[in-house]
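What follows is a single structure, written as structure tokens, with notes after it.
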Amino acid sequence: MILLCSNNTDRDSETLMPTLIEFKNISKSFPGVQALDDVSISVERNTIHALVGENGAGKTTFIKICGGLEAKDSGDIFYKEKEVFVRNAHDAKKLGISIVHQHFPQCLKMTVAQNIFMPEYSETTLRLMNWKTINRKADVLLQNFGVDLAPEMPLKNLTIAQRQVVEICKAIAMDVDLIIMDEPTSALPLRELHSFFDIIKRLKESGMTIIYVSHKLDEIFSVADVITVLRDGKEVATVPKKDTTPSEIATIMVGRRIEEFERNTEAGKTAARAKTLLKVDGLKKGQILNNVSLDVKVGEIVGLAGLQGSGCSELLKAIFGFEQFEAGSIVLNGRKLEIGSSRAGIEAGIAYVPTDRHREGLNLIMSVGENIALAEFMKLSRMGILWKKNIESIGLKYIERLGIKTQSVWESVNYLSGGNQQKVVIGKWLATEPLLLLLDDPTRGVDVGAKAEIHKIVQSIVVEGRACIMTSSEFPELLSFCDRIVTMYKGSITGNFAAKEVTEDTIMHYITGAGETSVRG
Amino acid sequence: MGRVEVGESRKRKSISILRAKEVGVLLPLVVLFITLVFLAQNFLTKDNIFSVLRAVSFEGIVAIGMLIVMLTGGLDLSVASNMALTGILASIFMTNGLPTFVSIVLALVGSACVGLMNGFLINKIKLGAIIVTLGMLSVVRGLAYIVTQGMPIVDLPSNFTFLGQGLIGGLVPVPILFFVVISAICHFMLKYTVLGYHFFSVGGNETASRYSGINVERVRYFSYIICSVFAGIGGILLIARLGVAQPSIAVGYELSIIAAVIIGGASLQGGEGSVLGSVIGVLIIGVIRNGLVLMNIGGFYIQFANGMMILAAVIINRLRSLRQ
Ligand SMILES: Nc1ncnc2c1ncn2[C@@H]1O[C@H](COP(=O)(O)OP(=O)(O)OP(=O)(O)O)[C@@H](O)[C@H]1O
Ligand SMILES: [Mg+2]
């Protein structure tokens, strides 16, 4: 095995108790929220213990307490039968715990290898750094993942998916017994996903214990041994995987049954006959977009399917005006759009929800209300004055509509849980009442209940004479939610299907370039 | 993916050397240098070159310390006051009969205390670096006036003034030697030790560093203490050069020092910069000043040019962060 995380021998030689880490009656409150309420969980050695729950259920808070990044109000942690006090990341590392964080903070100015080995060299001394060896070790880890990334590359040149890989490598590079992963796959594209699960399997075979947080229940059911459900900061169930089903878990999570959203086929059929809302013609940009043409009808939801680098996200950005291109035209509602101007995009009635909410979508220090009203500021400010009550009313409307879990309109977005931040981004763009909604993986990190909610809202908007183009890292979502699927490979459109007549396998075929010679969109 | 092939990676390396930030900084220095060779007759003489180098050494040493603080995302406005106070303390000890070496060490301990205080207020009381060090700028300068009662200290021992005035091999002024050695050590420290790596990572992303188990507060303490000690060394050498210890020396130096570090590629946001760049930045400022003097352009203009350089530095910093 080539993984760098072989276990320490002296740790192994301890008498093996079945329980590795036990949390007893952990509570934590933030001003106004009880994030964790008397949570007790015990994790057995060499198991994969999944932690699930709605957005804001307290999963991340729990993990931060475990890693010493957040102080608990009360409760005890026992690690290998001994009570431990984890006050900072350094303590956690000494115990043998590493974490993949949900909103992984990274040094963008530093290289991939420098980021991966930050925990390993966390003791401030005059010890020498042998960059050659470090780069080589990083290379081995990245190869293991099957990603082609130079360890000397500065992180700022990486995509969010590549940065997620770096974050995972960082956690498994450490010599630890327990790895905690907070939504590690939320930004991972398909190919890396496979390597990731291989790695998880190998980690488990090598004796590792893993606590795993995800909103993707299929993932959880394929890797986990035990599942714990948190709801509103309380532990509501802990069950072995073999004794339960995904729908049962989803029901426990939300506290009610959720109906999987199914797109109304009738709506799709009418859409096909309607007039064209958007016409993209011969868009070209270097290697990224290769003569892309696409029509979107009024009332239609189009899903773009493609692997990382296929050009799906870039196409959305180009339509919105974030991306310059060399040739081609975009016509919305009969009006030709100015190239590369997002201002013009907004004015023409396009809304764009980006994937990387931290970099592109949110102002973290501003409040929920201000963020939602941000794209609307032009309308709200009469003669340059922002009326507080207008921000409040818009904010409240979308907080209610999307079920955003927040203290008030004026709470800083920074304090919201990951999924709720995503809902704020979506709310911000819905507030502009757009003609065309561009969604780049909108339900990333959003819990099942809220996902259905977002689908319902998008659907209701589209019915009012608008249209939507979206991408998703989950193809089942595209298939069940869109009217039409357009596949892309290496900057070209490779296929165009009615969603009801296509299977996941066919899509896989077209997005990997295997079906390149067929229909063009 | 050709990155395993040796030839390919060599080629990449040579390109990356060309792309290195320092080259962008070196260019204006070279242009300036050549211009002055033509414009000012006395510029390219051995004496003048060494005198420029000596003149920049004092601020140069402090600039290296400032670079370290700025790498962590901080700023130290108290350095110039610290230069004065440390030089004065050393002078007081010496004129009261302590051996030169002991006096210098004691004075440097004093300067380290200033750094410790800066670090403490920033780490523990969670105040902004600018506010804290701005306060310390006045406090420390005030101390320098208090301990001297405003009077200059004269009659410094000759083994002390040698540090500022002496020549090695009858040619190279001693301060230059200090500057070179300190730069070399810090270059190595920043590039190849964990401590250096931590200065970059704390400035690059504090949360990431904390999440990785780095003791951010400790790294910050180190940066402010190192900066203060370097300021102390710069001040001691400067007073040794002048031969008199006055509480009013080095007033306003902090601005040109910060300007030099920014011109040299460091950013006010932290996480970026290099010793080489800072040295070049210091040289650019020194050469401009020297050129103005040689061309008989009066003192008022020098003040003006200083101001322009600081503005230029801030604009460069802004443009750099915009480009990202
Ligand atoms: N620093 C903070 N200050 C105030 N409130 C906070 C803070 N951190 C978290 N919260 C609140 O605590 C609750 C739990 O948040 P947490 O991030 O643990 O949720 P989560 O289960 O990880 O959700 P998600 O699936 O969306 O990531 C939320 O209501 C959140 O708003
Ligand atoms: Mg979370």
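Proteins get letters first, then strands, A, B, ... in listed order; numbering begins at 1 in each. Hydrogens, waters and symmetry mates play no part in the numbers below; they use all other heavy atoms, side chains included.
When each of Gly68(A), Ser98(A), Ser122(A) is scored by its heavy-atom pairs under 4.5 Å with chain B, the top score falls to Ser122(A). Per-residue heavy-atom pair counts under 4.5 Å with chain B were compared for Met129(A), His90(A), Lys170(A), Glu120(A), and the maximum is reached by Met129(A). Considering only heavy-atom pairs separated by less than 4.5 Å from chain A, the leading option among Gly204(B), Ala208(B), Gly271(B), Ser212(B) is Ser212(B). Note: Val194(B) leads Leu195(B), Val194(B), Val219(B) in heavy-atom pairs under 4.5 Å with chain A.
By the 6.0 Å contact criterion, CZ on Phe30(A) is enclosed, its count of non-hydrogen atoms from other residues, nucleotides or ligands being greater than 12.
Side-chain contact between Thr193(B) and Arg127(A): absent, with no pair of heavy atoms (C-beta onward) separated by less than 4.5 Å. Ser201(B) has its side chain within reach of Met118(A): a pair of non-hydrogen atoms, C-beta onward, lies under 4.5 Å apart. In this structure, Pro105(A) and Arg210(B) have side chains that are not in contact, with every pair of non-hydrogen atoms separated by 4.5 Å or more.
Both the backbone and the side chain of Leu128(A) come within less than 4.5 Å of a heavy atom of chain B. Contacts between Gln114(A) and chain B at a heavy-atom distance below 4.5 Å involve backbone atoms as well as side-chain atoms.
His198(B) places no side-chain N or O within 3.5 Å of a backbone atom of Thr125(A) that could act as its donor or acceptor partner. Tyr197(B) contributes no side-chain N or O that, together with a main-chain N or O of Tyr121(A), makes up a donor-acceptor pair within less than 3.5 Å. No donor-acceptor pair under 3.5 Å is formed between the side chain of Tyr192(B) and the backbone N or O of Trp131(A). Looking at Lys109(A), its side chain never comes within 3.5 Å of a backbone N or O of Asn205(B) through a donor-acceptor pair.
Here the straight-line distance linking atom CG of Asn88(A) with atom CD1 of Ile214(B) works out to 12.0 Å at 0.5 Å rounding.
Looking at every heavy atom in both residues, Met110(A) comes nearest to Phe200(B) through CE-CB, 3.2 Å.
Taking the six-membered ring where the residue is Trp, His101(A) and Tyr211(B) present tilted rings, their angle falling between 30° and 60°.
Listed by chain and residue number, Thr60(A) satisfy the side chain to side chain donor-acceptor pair (under 3.5 Å) test with Asp182(A) (two or more places apart in sequence, or in another chain). Contacts of Glu123(A) classified as salt bridge (charged side-chain N to carboxylate O under 4.0 Å, His left out), with partners at least two apart in sequence or in another chain: none.
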